[in-house]
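Residue numbers start at 1 and run along the sequence shown.
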Amino acid sequence: MPMLDVTSVLEIADDARVRANVVRLAAAQALTGANSAVIFATGSIVGATLAPDMSLATVPLSMYVLGLAAGTLPTGAISRRFGRRAAFVIGTGLGTLTGLIGSYAILHGSFALFCVATFLGGLYGAVAQSYRFAAADGASAAYRPKAVSWVMAGGVFAGVLGPQLVQWTMDVWQPYLFAFSFLVQAAVALVAMGIVAGVDMPRPAPADLHGGRPLLTIVTQPRFIAAALCGVIAYPMMNLVMTSAPLAMKMCGLSVSDSNFGIQWHIVAMYGPSFFTGALIARFGAPKVVAAGLLLEAGAAGIGISGITAMHFWATLIVLGVGWNFSFIGASALVLETHRPQERNKVQAFNDFLVFGMMAIGSFSSGQLLANYGWPVVNMVVFPPVALGLVVLSLVSWARRRRARLEAAMGEFPDAV
């Protein structure tokens, strides 16, 4: 009788558990994405209404991004100490508070309180960003990119749910535009809490709490540097253009419905390719997919510069979304190649801290850029960082291939990490 490959059997069993988690996490991603969709569709418009100065209109969106940055390291620490499920439940609780406080702030005309609400929404979003990494926990190496990709695909439904939620509810409590939208968003976060509470992710083993290499050793690997840099470029550049677009459309005389439509299809474009992004990574490799994504983001900026009709804005947002999908999921897959299982929480949290910390810095300048220099300049800012990312990614990939060829010539095998 043929001998049983125990490793293969264990991997199959683990992948079956991972697939069950992926379904729940994809559903949670869809509902959590409604949180960010509501904030991005309404934040700058509400900000322009409540803020004492037009240049502060995008501050609520910047507070959301600041929350993303502030929540990444605590999310990693909670996941490492108490397990990912505990972090997920806490995050959905924060999402509920986001909706309740946001609605109250609009009803009472408080700009400061609305910024508090969007900051809490950012904390909720920071927890949700770990869904993609959680999906790969325990998966075989071959299934990891697909697990990440399928969870991100849940965002497609967020692209439909969030903007439509805004469209259906924005006028319910006239004259308080969007107040009821945030109340409904709180209810959606409660539904998400019920879903993530059933995720099968046991608490970490005691040996995993202190194991692994020092963080500095891991993050100074060229592979990690390239992955983190590409994430730092892909997400903040997308965020810069996306947060400015609704207000820019209003300044150009376009309607709120036009803005909602653009944000809706932008979110669909952000997550729709996830159904096949994992397969593209498996076939062509993460670096090539990341490079394609960065080039698409640059292309979106070029469309944005070329005109200010509704079609130009919609095309910009759609191409921008696809570019973000390729570059961000590809960069996330690269991060998974740089750490060992017991190192995952601290490395993944540090990566997200870099990404969203840079987003927070850049986001506070988006309102100033738009108010003082206009929509074309917002798009022009995209080009230099994208060029830098492509150069660094190419150099690291070339060095890795060269090292592999040298080791093969010497009859040795390259390291796994």
Using modelled atom types only, decide if a donor and an acceptor are shared between the side chain of [X] and the backbone of [Y] within a distance under 3.5 Å.
X      : Y      : answer
Ser259 : Ser255 : no
Ser306 : Ile303 : yes
Glu297 : Leu320 : no
Arg24  : Ile195 : yes
Glu337 : Leu334 : no
Ser244 : Val241 : no
Ser327 : Gly323 : yes
Thr118 : Gly121 : no
Arg85  : Val199 : yes
Thr42  : Phe178 : no

Working to the nearest 0.5 angstrom, can you tell me the gap between [X] [atom1] and [Y] [atom2]?
X      : Y      : atom1 : atom2 : answer
Leu61  : Asn239 : CG    : CG    : 8.0 Å
Leu370 : Ser44  : CG    : OG    : 8.5 Å
Ile233 : Met238 : CD1   : CE    : 14.0 Å
Leu120 : Met63  : CG    : CE    : 9.0 Å
Gln185 : Ile39  : CD    : CD1   : 6.5 Å
Arg19  : Trp150 : CZ    : CH2   : 11.0 Å

Got more than 12 heavy atoms from elsewhere within 6.0 Å of [atom1], [X]?
X      : atom1 : value
Met251 : CE    : yes
Phe275 : CZ    : yes
Phe353 : CZ    : no
Trp375 : CH2   : yes

Less than 4.5 Å apart, any side-chain heavy atom of [X] and any of [Y]?
X      : Y      : answer
Phe328 : Gln129 : yes
Pro287 : Arg223 : yes
Ser103 : Phe180 : no
Ile225 : Val396 : no
Pro60  : Val46  : no
Arg84  : Phe88  : yes
Thr309 : Trp314 : no

Quiz item: Under 6.0 Å between the ring centres of Phe119 and Tyr124?
Solution: no
Practice problem: Examine Phe313 together with Trp265 and report whether their ring centres are nearer than 6.0 Å. | Solution: no
Quiz item: Do Ile308 and Leu254 pass the side chain to side chain contact (heavy atoms under 4.5 Å, CB included) test, and can you show the C-alpha distance, the side-chain angles, and the key distance before you say yes or no?
Solution: CA-CA 10 Å; Ile308 56 172; Leu254 300 173; over 6 Å; no
Exercise. Start with the C-alpha distance between Phe182 and Phe114, add both sets of side-chain angles, then the distance that settles ring pair (Phe, Tyr, Trp, His ring centres under 6.0 Å), and finish with yes or no.
Key: CA-CA 11 Å; Phe182 276 86; Phe114 186 68; 5.5 Å; yes
Practice problem: Would you please test Ile78 and Arg81 for side chain to side chain contact (heavy atoms under 4.5 Å, CB included) and show each step? | Solution: CA-CA 5 Å; Ile78 293 170; Arg81 181 68 180 86; over 6 Å; no
Which atoms form the tightest heavy-atom contact between [X] and [Y], and what is the distance?
X      : Y      : value
Met249 : Asp258 : CE-O, 3.5 Å
Val89  : Met193 : O-CE, 3.9 Å
Ala331 : Ala227 : CB-O, 3.6 Å
Asn379 : Ala301 : O-CB, 3.3 Å
Leu294 : Cys230 : CD1-SG, 4.3 Å
Gly330 : Ile281 : CA-CD1, 3.9 Å

Quiz item: Do you see a donor-acceptor pair shorter than 3.5 Å between the side chains of Asn35 and Thr32?
Solution: no
Self-check item: Step-by-step side chain to side chain contact (heavy atoms under 4.5 Å, CB included) determination, Lys288 to Arg283
Solution: CA-CA 10 Å; Lys288 291 181 180 178; Arg283 179 171 182 179; over 6 Å; no
Self-check item: Working for side-chain hydrogen bond (donor to acceptor under 3.5 Å, both in side chains), residues Asp352 and Ser130
Solution: CA-CA 9 Å; Asp352 282 355; Ser130 67; over 6 Å; no
Quiz prompt | Derivation of the side chain to side chain contact (heavy atoms under 4.5 Å, CB included) call for His339 and Gln348 | solution = CA-CA 9 Å; His339 62 73; Gln348 294 163 7; 3.3 Å; yes
